[in-house]
> 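Pasting a structure here, questions to come.
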There are 2 protein chains.
Amino acid sequence: MASSPVAPGGFIQQQNLVEQVADYLTQAIIQQHFLPGERLSEVQLSRDLGVSRAPVREAARLLESRGLLISKPRRGFFVRALNAVELEDVFDLRLCLERHAIQRLSERYSSDAERALKQQVEVLCEATASNDGTRRIEEDLQFHRLMIHYAGNERLLRAFDGLTHELRLCITLITKTHEAPDTIATSHFKLLDALGSGSSEACREAIDYHIGVARDFVVSSVGE
Amino acid sequence: MASSPVAPGGFIQQQNLVEQVADYLTQAIIQQHFLPGERLSEVQLSRDLGVSRAPVREAARLLESRGLLISKPRRGFFVRALNAVELEDVFDLRLCLERHAIQRLSERYSSDAERALKQQVEVLCEATASNDGTRRIEEDLQFHRLMIHYAGNERLLRAFDGLTHELRLCITLITKTHEAPDTIATSHFKLLDALGSGSSEACREAIDYHIGVARDFVVSSVGE
DNA sequence: CGATTGACGACTGTCGACAGTTTTACAAAC
DNA sequence: GTTTGTAAAACTGTCGACAGTCGTCAATCG
């Protein structure tokens with residue numbers, strides 16, 4: 001979407017303001033225009049965006065529920081700063097969710113799901129080749145999101161989405177380092193192979209390795 | 001638990017209108033003063049509670065993030081109605097989280113944790129004997145919350161708390177049916193035994209059985 | 001020179017009001 | 001009796017304003 005902070009003047013007014021502000025804030029946080037720990041002023045934001053404080057507050061509360069902001073009473077909203085421990089917790093929970101998802105999916109693996117996942121791996125490979133780090137990560141997450149989607153538990157998917165919001169907090173840190181493109185592809189193909197084999201042990205092994213690599217990669221990027 | 005340093009006795013008057021409204025709404029929904037699917041009018045609520053619409057809106061958004069309400073644009077907030085499928089999804093996710101938690105806990109089972117859990121089982125037994133259905137369920141959930149707390153992943157605990165909010169949606173349905181008191185006690189003691197044995201297989205087996213029973217119990221209560 | 005205190009400024013929590021939209025009520029036509 | 005069209009009522013989304021509170025910083029005191 002619009003990556004640069006737009007000047008308030010002629011902007012489209014199709015969606016509700018809260019979502020627009022939430023999108024703006026999310027992008028601004030991800031792109032580190034607001035640094036971790038930084039305080040956000042409702043008044044300043046509403047002035048900059050040309051809206052009143054009400055939608056700003058609601059958007060901030062939304063981002064708080066997603067873990068991107070934290071609010072201190074009478075102090076306002078602050079950009080969430082993830083430390084190494086919290087990040088490990090996030091990946092531990094992600095492992096928990098994806099283990100369960102791939103287990104459930106292997107029990108009901110349809111040709112539909114297989115086709116969609118294979119296509120997404122191709123999109124991911126393409127994104128990797130394009131050298132757009134952010135897009136690569138988004139397509140990577142999208143693959144896992146699809147996997148959980150086809151696992152057939154909507155509530156599980158919601159939990160995963162909640163995690164990805166937090167992962168995006170340190171997305172720029174991750175994009176700074178470059179993983180070998182072929183590694184990414186083969187790593188995901190192994191997941192597909194495990195699913196195709198129908199072996200729940202193979203699935204668990206594959207996802208454990210996959211998430212473990214991602215965790216080590218991210219945690220080492222953050223704990224500098 | 002470190003997260004709720006509740007001051008005992010008459011503590012400071014809550015200064016947060018939003019929290020007060022949220023608590024009121026939560027209780028009203030749990031006690032079915034607002035029925036599932038019912039629409040909540042911001043104006044009416046603010047009149048009834050003697051506050052303006054702003055805190056009501058924020059509280060409603062909070063409850064929306066907890067899954068107790070859902071909002072439709074330009075329509076307002078509605079009490080969430082869980083169908084059987086969603087409820088099964090909730091229990092499937094709960095199984096996912098608790099499997100992981102008991103696994104992690106068995107790896108780091110301390111005498112501290114053991115003591116706290118045993119004490120909580122006693123509290124639970126007491127609550128069961130008191131014939132207060134709501135309190136029994138709350139103490140039951142508290143046991144599981146403690147278990148996940150001692151598993152050492154704060155993020156995992158948050159995910160569990162998000163689930164319990166949804167479970168409370170049908171708490172009255174559950175309390176209407178009565179489980180055998182001794183069954184509840186022994187079921188939790190088995191979890192403690194599994195943890196004490198240090199066997200991850202035993203832990204998994206115990207939690208699978210435990211959550212499975214709870215799921216069947218609740219789903220059969222709802223799917224009238 | 002360091003600690004304390006008091007005023008100033010900025011900000012959040014809360015409020016009432018207005019505009020546009022959705023729902024409802026009602027009447028007319030078939 | 002049913003359907004359709006219209007108008008009123010109610011509601012949400014958004015706005016600007018006010019009051020209480022918190023942090024800052026300079027002036028004062030030890």
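We name chains A, B, ... by the order of the sequence lines, and we start the count at 1 in each one.
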> How long is the span from the CZ atom in A:F91 to the CD atom in A:E166, to the nearest 0.5 Å?
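These two atoms lie 11.0 Å from each other.
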
> Please report the distance, rounded to the nearest Å, between CG in B:L49 and P in C:dC15.
11 Å

> Between C:dT23, D:dC15, C:dT12, which nucleotide has the shortest distance from any of its atoms to the side chain of A:V43?
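Among the listed nucleotides, the one closest to the side chain of A:V43 is C:dT12.
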
> Return the nearest nucleotide to the side chain of B:E42; candidates are C:dT12, D:dT12, D:dT14.
D:dT12

> Starting at CZ of B:R57 and ending at P of D:dT12, how long is that distance when rounded to a whole Å?
8 Å

> How long is the line joining CZ of B:R75 and P of D:dC11, in whole Å?
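Roughly 13 Å, once rounded to whole Å.
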
> Can you pull every protein N or O that's under 3.5 Å from an N or O on nucleotides 17-21 of chain C?
from   : atom 1 : to    : atom 2 : distance (Å)
C:dA17 : N6     : B:R53 : NH1    : 3.4

> What verdict does the side-chain contact (heavy atoms from CB on, under 4.5 Å) test give for B:Q142 and B:H149, after you've listed the backbone C-alpha separation in whole Å, the side-chain angles of each residue and the deciding distance to 0.1 Å?
CA-CA 10 Å; B:Q142 178 62 19; B:H149 167 75; over 6 Å; no

> Rounded to the nearest angstrom, tell me the gap between atom CD in A:E19 and atom C1' in D:dT14.
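Between C1' of D:dT14 and CD of A:E19: 15 Å.
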
> Identify each donor-acceptor pair in which a side-chain atom of residues 67-76 of chain B lies under 3.5 Å from a protein atom, sequence neighbours left out, and give them as a table.
from  : atom 1 : to    : atom 2 : distance (Å)
B:S71 : OG     : B:E64 : OE2    : 2.9

> How long is the line joining NZ of B:K72 and P of D:dG13, in whole Å?
13 Å

> Nearest to the side chain of A:V51, heavy atoms from C-beta on, is which of C:dT14, D:dC15, D:dC11?
D:dC15

> What's the closest nucleotide to the side chain of B:L17 if the choices are D:dC11, C:dC15, D:dC15?
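It is C:dC15.
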
> Tell me whether the rings of B:F143 and B:H188 are parallel (<30°), tilted (30 to 60°) or perpendicular (>60°).
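Correct class here is perpendicular.
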
> Starting from the 5' end of DNA chain C, give me the residue, B:R39 or B:S52, whose nearest nucleotide shows up first.
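Whichever sits nearer the 5' end wins; that is B:S52.
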
> From CZ of A:R47 over to P of D:dG16, roughly how many Å is that when rounded to an integer?
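One finds 12 Å between P of D:dG16 and CZ of A:R47, rounded.
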
> Roughly, in whole Å, what's the span from CZ in A:F77 to C1' in D:dC22?
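To the nearest whole Å, that distance equals 16 Å.
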
> Could you go step by step and tell me if B:R158 and A:L93 meet the side-chain contact (heavy atoms from CB on, under 4.5 Å) rule?
CA-CA 10 Å; B:R158 243 177 63 200; A:L93 179 54; over 6 Å; no

> For residues 100-111 of chain A, which residue pairs pass the salt bridge (charged side-chain N to carboxylate O under 4.0 Å, His left out) check, not counting sequence neighbours?
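Checked against salt bridge (charged side-chain N to carboxylate O under 4.0 Å, His left out) - neighbours excluded - the pairs reaching residues 100-111 of chain A are A:R104-A:E107, A:R104-B:D92.
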
> Contact class for B:L40 vs. all strands (heavy atom < 4.0 Å): base, sugar-phosphate, or nothing?
sugar-phosphate

> Pick the closest DNA chain D nucleotide for A:V18 and for A:P73 by heavy atoms, then say which residue is nearer the 5' end.
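Looking at the nearest nucleotide for each, A:V18 comes out on the 5' side.
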
> State whether A:E114 and A:K118 are salt-bridged, where the test is any N-O pair (Lys NZ or Arg NE/NH1/NH2 against Asp/Glu carboxylate O) under 4.0 Å.
yes

